Amino acid sequence: MEKIEKSKLSAESIEKIKALLDVFPQRKSMVLPVLHIVYEQFGYLDKEAIAEAARICDVAKVHFEEAADFYTMFPLKPVGKYLIQVCRNISCSLLGSEELVDYLKSKLGIEVGETTPDGLFTLVVVECLGSCGTAPVAQINDKYYENLTRAKIDGILSELREKA
């Protein structure tokens with residue numbers, strides 16, 4: 001008797017993935033759009049969901065895993081309500097992003113890659129956010145925060161805590 005696996009992906013996510021089959025005749029071209037669908041559902045890239053998506057697409061799972069490892073925009077594990085991504089590329093580093101990361105670690109009581117015990121904040125560093133002219137910069141969820149200083153960070157954290 002064949003084992004029936006419970007779907008990790010929602011019916012809506014499966015429908016979105018299947019809709020891409022006609023759009024991308026070269027199946028490997030589906031990898032990034034499908035990763036976006038998985039990320040949209042879970043808030044990170046769930047390994048079982050990626051494997052399921054790979055089966056639906058008839059693309060080797062390794063292609064999804066490689067892309068997931070490469071692109072920092074896709075967290076590979078659950079993250080806090082607010083994902084703080086601080087750019088560490090050259091412009092941001094020259095203008096103090098490393099010191100701002102240390103400041104955030106101190107303010108939040110966590111290390112890079114960790115989430116605060118209340119589940120509110122996750123802190124990561126990324127290679128480039130494409131905003132070199134307004135460095136140092138961070139992205140929190142989908143919003144950019146530019147020309148950062150300690151004072152701006154204090155204000156941002158206060159505002160986000162009030163919203164939570």
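Note that the structure is predicted; figures quoted are calculated from it, not measured. Both backbone and side-chain heavy atoms feed into the values below; hydrogens, waters and symmetry mates do not.
For the pair Ile50/Leu35, a side-chain contact is recorded, criterion being any heavy-atom separation below 4.5 Å from C-beta on. A 4.5 Å side-chain heavy-atom check between Ile14 and Glu52 finds at least one atom pair inside the cut-off. Side-chain contact check for Arg88 versus Val101: every heavy-atom pair is 4.5 Å or farther apart. Put simply, the side chain of Val31 does not reach to within 4.5 Å of the side chain of Phe24, judged on heavy atoms. Here the side chains of Phe121 and Leu160 are in contact, with some heavy-atom distance below 4.5 Å. Residues Ile56 and Val34 are not in side-chain contact: their nearest non-hydrogen atoms beyond the backbone lie 4.5 Å or more apart. Side-chain contact check for Leu21 versus Met30: some heavy-atom pair is nearer than 4.5 Å. Looking at Ile84 and Ile156, their side chains never come closer than 4.5 Å, going by heavy atoms from C-beta outward.
A donor-acceptor pair under 3.5 Å links the side-chain atoms of Ser158 to the main chain of Asp154, judged by distance alone. Distance alone, capped at 3.5 Å, is enough to place a donor-acceptor pair between the Lys152 side chain and the Asn147 backbone. Judged purely by atom type and a 3.5 angstrom limit, Ser97 uses its side chain to pair as donor or acceptor with the backbone of Cys87. Side chain of Asp46 to backbone of Leu9: no donor-acceptor contact under 3.5 angstrom is found. Panel note: side chain Glu48, backbone Lys8; no donor-acceptor pair is recorded below 3.5 Å. Between the Arg55 side chain and the Lys61 main chain, no donor and acceptor come within less than 3.5 Å of each other.
The two residues Lys77 and Tyr44 have their closest heavy-atom pair at O-CB, 3.2 Å. Residues Gln139 and Tyr144 share a closest heavy-atom pair of OE1-CE1, 3.3 Å. Minimum heavy-atom separation, Gly80 to Thr122: N-OG1, 2.5 Å. The two residues Leu120 and Asp118 come nearest to each other via the heavy atoms N-OD1, 2.9 Å. Nearest heavy atom pair, residue Thr149 against residue Leu100, reads C-CD2, 3.9 Å. Residues Cys57 and Ile17 come closest through the heavy atom pair SG-CG2, 3.7 Å.
With a 6.0 Å radius and a threshold of 12 heavy atoms from other residues, nucleotides or ligands, Glu66 has its CD atom above the threshold. With a 6.0 Å radius and a threshold of 12 heavy atoms from other residues, nucleotides or ligands, Glu127 has its CD atom above the threshold. Under a cut-off of 6.0 angstrom, the local environment of NZ in Lys16 is crowded, with over 12 non-hydrogen atoms contributed by other residues, nucleotides or ligands. Counting non-hydrogen atoms of neighbouring residues, nucleotides and ligands closer than 6.0 angstrom, the OH atom of Tyr71 reaches no more than 12 such neighbours.
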Practice task
Apply side-chain contact (heavy atoms from CB on, under 4.5 Å) to the pair Val137 and Cys92, showing each step before the final yes or no.
Solution key: CA-CA 7 Å; Val137 65; Cys92 287; 3.6 Å; yes

Practice task
Dump the intermediate steps for side-chain contact (heavy atoms from CB on, under 4.5 Å) on Ile140 and Leu157, then the final yes or no.
Solution key: CA-CA 10 Å; Ile140 303 176; Leu157 293 178; 5.8 Å; no

Exercise for the section: Would you please test Leu148 and Val86 for side-chain contact (heavy atoms from CB on, under 4.5 Å) and show each step? Expected result: CA-CA 10 Å; Leu148 288 174; Val86 181; 5.8 Å; no

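Ion pairing between Glu111 and Lys105 holds under the 4.0 Å rule for side-chain N and carboxylate O.
Here the OG1 atom belonging to Thr116 is positioned 11.5 Å from the NZ atom belonging to Lys81, to the nearest 0.5 angstrom. Rounding to the nearest 0.5 Å places OH of Tyr39 at 14.0 Å from CG of Leu32. Once rounded to the nearest 0.5 Å, the distance linking CG of Asn141 with CD of Gln85 reads 8.5 Å.
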